[in-house]
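Sequential numbering from 1 along the given sequence is applied to the chain's residues.
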Amino acid sequence: MITDERFDKLMELVVHGFEIAGVVVLVLGALGAFVHAALVARRDGLPKAYETARRSVGRAILLGLELLIIADIVLTITVDTTLDSALALGLIVIVRTFLSFSLEVELEGTLPWRRPAKSDRSDAALPD
């Protein structure tokens with residue numbers, strides 16, 4: 001049977017794994033975005049490359065933030081189960097959710113509830 005101390009250590013390792021994954025996604029996503037943008041710049045010019053880099057970096061940030069939120073949630077519900085840590089988690093989730101929402105609107109160019117449904121997007125691509 002697993003003791004509370006061993007469980008806490010295991011959960012701390014899980015949390016560190018998600019934190020590392022979040023940072024790796026941020027770093028590699030940004031580097032990949034810049035490499036991809038450089039290739040696009042050679043083919044399609046700088047304005048298209050800028051837009052490509054902006055969207056790709058934004059997507060990497062969104063995914064990295066999601067992984068970091070997972071780490072914070074796991075830490076709070078398994079290891080540091082105090083009211084202070086729960087309040088800190090709430091604040092962190094609010095800030096990160098606001099950042100994610102802002103990035104999503106920036107990337108898509110519209111509010112989520114103003115976007116056409118996925119089936120509408122595919123129908124729009126079909127010829128009449």
Side-chain angles (χ1 to χ4, degrees):
M1 183 148 185
I2 192 165
T3 64
D4 286 344
E5 185 177 318
R6 290 187 77 171
F7 178 77
D8 286 350
K9 292 217 183 283
L10 176 63
M11 288 301 106
E12 286 176 8
L13 287 173
V14 169
V15 167
H16 289 306
F18 277 110
E19 289 172 338
I20 290 167
V23 171
V24 167
V25 164
L26 290 169
V27 171
L28 293 181
L31 291 174
F34 294 133
V35 168
H36 184 235
L39 296 173
V40 169
R42 291 182 82 187
R43 188 182 65 226
D44 299 328
L46 289 177
K48 180 76 172 165
Y50 168 75
E51 196 59 38
T52 298
R54 196 169 148 264
R55 286 186 179 274
S56 298
V57 168
R59 288 188 183 110
I61 291 170
L62 282 172
L63 183 57
L65 283 173
E66 296 298 329
L67 290 168
L68 293 171
I69 288 172
I70 292 170
D72 290 331
I73 291 170
V74 170
L75 178 67
T76 300
I77 65 173
T78 61
V79 178
D80 192 13
T81 57
T82 64
L83 182 58
D84 286 343
S85 67
L87 292 173
L89 172 66
L91 183 60
I92 289 168
V93 168
I94 289 170
V95 169
R96 289 187 180 161
T97 301
F98 176 75
L99 285 171
S100 295
F101 179 78
S102 298
L103 280 168
E104 187 74 27
V105 169
E106 181 84 14
L107 290 173
E108 295 294 327
T110 186
L111 296 168
W113 53 88
R114 299 240 184 214
R115 279 185 229 135
K118 291 200 184 275
S119 61
D120 292 345
R121 288 182 191 166
S122 62
D123 293 345
L126 298 175
D128 291 330

Side-chain donor-acceptor pairs under 3.5 Å in residues 21-31, sequence neighbours left out?
none

| field | Verdict with supporting geometry, Met11 and Val74, side chain to side chain contact (heavy atoms under 4.5 Å, CB included) | value | CA-CA 7 Å; Met11 288 301 106; Val74 170; 4.3 Å; yes
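Val15 and Leu63 fall within a single hydrophobic cluster, where Ile, Leu, Val, Met, Phe, Trp and Tyr side chains are chained together by heavy-atom contacts under 4.5 Å. Residues Leu87 and Val95 are members of separate hydrophobic clusters, defined by side-chain heavy-atom contacts under 4.5 angstrom among Ile, Leu, Val, Met, Phe, Trp and Tyr. A chain of hydrophobic side-chain contacts below 4.5 Å, direct or via other Ile, Leu, Val, Met, Phe, Trp or Tyr residues, connects Ile69 to Leu89. Leu75 and Ile77 fall into different hydrophobic clusters, where Ile, Leu, Val, Met, Phe, Trp and Tyr are joined by side-chain heavy atoms under 4.5 Å apart, directly or via other members.
Salt-bridge formation is not detected for the pair Glu5/Lys9: no Lys NZ or Arg NE/NH1/NH2 atom is positioned less than 4.0 Å from an Asp or Glu carboxylate oxygen. We find that Lys48 and Glu51 are not joined by a salt bridge, their nearest charged nitrogen and carboxylate oxygen being 4.0 Å or further apart.
Pairing each heavy atom of Val93 with each of Thr97, the nearest pair is O-OG1, 2.6 Å. Between Thr78 and Asp8, the closest heavy-atom pair is O-OD1, 3.6 Å.
Between Phe34 and Val57, some side-chain heavy-atom pair lies under the 4.5 Å cut-off. Using a 4.5 Å heavy-atom threshold, the side chains of Tyr50 and Leu46 count as separate.
Arg6 pairs in a side-chain contact (heavy atoms from CB on, under 4.5 Å) with only one of the listed residues (Asp4, Thr3, Leu10), which is Thr3.
Looking only at distances, a side-chain donor or acceptor of Ser85 sits under 3.5 Å from a matching main-chain atom of Thr82.
Going from atom CD of Glu19 over to atom CD of Glu12 covers 10.0 Å, rounded to the nearest 0.5 Å. A distance of 5.0 Å separates CZ in Phe18 from CD1 in Ile70, rounded to the nearest 0.5 Å. Atom CG of Leu65 and atom CG of Asp72 lie 10.5 Å apart (nearest 0.5 Å). The distance from atom CZ of Arg43 to atom OG1 of Thr52, rounded to the nearest 0.5 Å, is 8.0 Å. If you take CG on Asp44 and CG on Leu39, they are separated by 10.5 Å, rounding to the nearest 0.5 Å. Note that CG of Leu68 and CD1 of Ile73 are 11.0 Å apart. Values are rounded to the nearest 0.5 Å.
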